[in-house]
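The structure appears right after this line, and notes come after that.
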Amino acid sequence: PKTPPKETHPGIEPASEGVEGVVPRELVDKLLMDPYGEIAKMRMVPAEGGGMQLARIDPDSVLGLVGVQKNDIIKAVNGVQISNLSDAKNAVNSMMSGTRFDVKVERSGKPLELKYQVK
């Protein structure tokens, strides 16, 4: 049986509209060491109107654990516009030394900003 994601990565608190999430520094560091391992846990396709739509996302991926959902369109991370996988890697690198990051998504046709604190 699979370990529930919360037990695999304790300390994660998903963000939602108006609620700031928390991501442990160790998890961000792990993501920085192997961004392509994380990207392999999802399938992103270019979205009409810009951004990358999540056609598939593993629930135990970092994005899945922090509250990003299948079919969300990722528009930007930390102000880095996302239009391809290279942009996604640059966005991951932008989290290297920060204590906060934000993800702009479009969910069900509505813009949503997910904000996180790195602890």
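Just so you know, residue 1 is the first one in the sequence shown, and it goes up from there.
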(message) Take a 6.0 Å sphere around CZ of Arg43 and say whether it holds more than 12 heavy atoms from other residues, nucleotides or ligands.
(response) no

(message) Within a 6.0 Å radius of atom NZ on Lys75, are there more than 12 heavy atoms belonging to other residues, nucleotides or ligands?
(response) yes

(request) Check the hydrophobic clustering (I, L, V, M, F, W, Y; side-chain heavy atoms under 4.5 Å; chains of links allowed) and say if Leu32 and Val118 are grouped together. (result)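 Yes.
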
(message) Is there a continuous path of hydrophobic side-chain contacts, each under 4.5 Å between heavy atoms, that joins Val103 to Ile73?
(response)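 No, because Val103 and Ile73 fall into different hydrophobic clusters, even though each may have its own neighbours under 4.5 Å.
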
To the nearest 0.5 Å, how far apart are [atom1] in [X] and [atom2] in [Y]?
X	Y	atom1	atom2	value
Ser83	Met52	OG	CE	7.5 Å
Phe101	Lys115	CZ	NZ	12.0 Å
Met42	Lys70	CE	NZ	14.0 Å
Ile57	Ile74	CD1	CD1	6.5 Å
Ser61	Arg56	OG	CZ	9.0 Å

(request) Could you check Asp29 against Arg25 for salt bridge (Lys or Arg N to Asp or Glu O under 4.0 Å), going step by step and ending with a plain yes or no? (result) CA-CA 6 Å; Asp29 291 345; Arg25 168 55 60 194; 3.5 Å; yes

If I compare all heavy atoms of [X] with all of [Y], which pair ends up nearest, and what's the gap?
X	Y	value
Ala91	Val77	CB-CB, 3.5 Å
Asp34	Gly37	OD1-N, 3.0 Å
Pro24	Ile12	CD-CG1, 3.6 Å
Arg100	Gln117	NH1-CG, 3.9 Å
Ala15	Gly21	CB-N, 3.5 Å

[X] side chain to [Y] main-chain N or O, any donor-acceptor pair under 3.5 Å?
X	Y	value
Asn84	Asp87	yes
Tyr116	Val66	yes
Asp58	Gly64	no

(request) Please step through side-chain contact (heavy atoms from CB on, under 4.5 Å) for the pair Asn71 and Leu54, ending with a clear verdict. (result) CA-CA 5 Å; Asn71 293 322; Leu54 286 167; over 6 Å; no

(message) Looking at Asp72 and Arg107, is there a salt bridge between them, counting it only when a charged N and a carboxylate O are closer than 4.0 Å?
(response) yes

